[in-house]
Amino acid sequence: MPKTSDTTINPTVIIIFGGNGDLTKRKIIPALYNLFVEKRLPEKFAIIGTSRTKFTDKQYRDSLLEGINEFSRTGTAKKEDWSQFSSNISYQAADIDDIDSYNAFELTITQLKEEWKQDASILYYCAVSPDFFCTIADNISKSKLGNNNKTSRIIIEKPFGRDLESARTLNAKLLTIFDEKQIYRIDHYLGKEVVQNVMAFRFANIIMEPLWNRTHIEHVQISVTEKIGVEERGSYFDNAGILRDMIQNHLLQLLCIVAMEPPVNFDADLVRDRKVDVLKAIRKIVPGMTDTLAVRGQYGSGWVEGKEVTGYREEIDVDPVSNTETYAAMKFNIDNWRWQGVPFYLRTGKRLSRSASYIVIQFREVPHNMFHNEELTLPKPNRLIISIQPDMGIKFQLESKTPGLEMVLNTVDMVFDYSEKTKKDAPEAYETLLLDVISGDQTLFMRADQVEAAWEVVMPVLDHWENNKMTNFPNYPANSWGPENADALIAKDGFHWINLPQKNKNS
Ligand code: BG6
């Protein structure tokens, strides 16, 4: 007997274009497998992997099993679970450009529906290079698959365009074939457990809202730092750079979640409307201001954990005189009632000292020092630290009296820490996101106007950087905190970057 699962969700067929790719093995299949084990997949489902290479079903399944064993958060697959799960997986070699391949999918789907005696939702997962998104969409609509807007959905991975113009073109093209309600543009940061919790933390606690504004908050920092370099992705990354790869999507989405107004309810469009409001309120970076508001860097060689690592320009598939940035730090101003005068600083980079993603909300000082401590300085202002990974938790830093005969103040932490067990059990972003696509919930996906608004925000900097090459690249060594001018960007406003102490050995 197959493990029964969610009977309330329609039978589902998932066709994965790029079925033999890295993303499929590392993320998509392990996520679907874990959903299956948790009994969250529909009772009747089929996964069809496709790429140009020819495989038998058995060869294909074996390679996916290796992926699960290596990358799934739950570790090695259990024999019985795998055997039940994999009986729903098949492989069909296909040429993305060839209509006949799509007609062959249609035949398989028809057979499945006959077998299931039920209609099914069809998900087209584009885990391929963006160059193929339009071809796939076009061929779906031209082939016998057609495009039934009641049952089909298309999942698009990032990067969604390489600039505002290409994103608009891609949106326009997709929207001639699919309705917005059928398009699921992925930004995997939105599926992360702690990122989703920010909404709960802000909007399910009465004490947060009165503090969450310019009266009490001095500035906000969003850091996504990575220890790894570009690894095997040199050719993609050298054409993109970190502003496109991370800031246009992940970091700006984090900013939106911190800065958004409360939506009326959790309806996908209402939530996304409020995020778009934030992007629209970000002050446009005008020519002449770019260097004041944005800083870039590129890593040189260095030492990481006793091993010498190469500089960016020596990485595989990277231009030896590349001007691509591997680090970016930016300051954003949000022109609305809530945030006027509160700067948001964003930074991200590769080959930095530590891997960590976190948000710091820095509160203002108290207006008066009534404690007359020796230094006559004001008590330290409060700080809220939201750790997304590898540590997961929310920490409030408060001032408190140090036990003893004198009134001496000290900073203490009020910590909400996800336990080790919760961390292990927390679903991976792709599990959350895939389940949402299967059940038709678009809240955590990027809407067309949202992607375009995010491109609009970064375009002036992209253009400026494109037209003005850096002469001092590489300008930070591997295993450092990035270029010096990133410190200057924030120091000129009287602040400094907050680096979290290392707690987790993976960071
Ligand atoms: C991807 C970027 O979107 O996010 C990568 O393309 C980056 O360059 C990755 O390494 C980071 O994601 P995570 O989940 O590991 O923080």
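All ligand and atom numbering here is 1-based and tracks the order in the structure.
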Do you see a donor-acceptor pair shorter than 3.5 Å between the side chains of Asp238 and Tyr312?
yes

So that I know where these two stand, are Phe201 and Phe203 an aromatic pair - ring centroids less than 6.0 Å apart?
no

Look at the aromatic rings of Phe55 and Tyr91 and report parallel, tilted or perpendicular, splitting at 30° and 60°.
perpendicular

Protein residues having a heavy atom less than 4.0 Å from any atom of ligand 1:
Lys158, His188, Tyr189, Lys192, Glu226, Arg233, Asp245, Met246, His250, Lys350, Gln389

Return each pair, listed once, that meets salt bridge (Lys or Arg N to Asp or Glu O under 4.0 Å) where at least one residue sits in residues 13-26; pairs must be two or more places apart or across chains.
Asp22-Arg26

Applying side chain to side chain donor-acceptor pair (under 3.5 Å) to Ser63 and Asn20, what does each step give before you reach the verdict?
CA-CA 9 Å; Ser63 80; Asn20 186 31; 4.9 Å; no

Name the orientation class of the two ring planes belonging to Tyr124 and Phe17 (parallel below 30°, tilted from 30 to 60°, perpendicular beyond 60°).
tilted

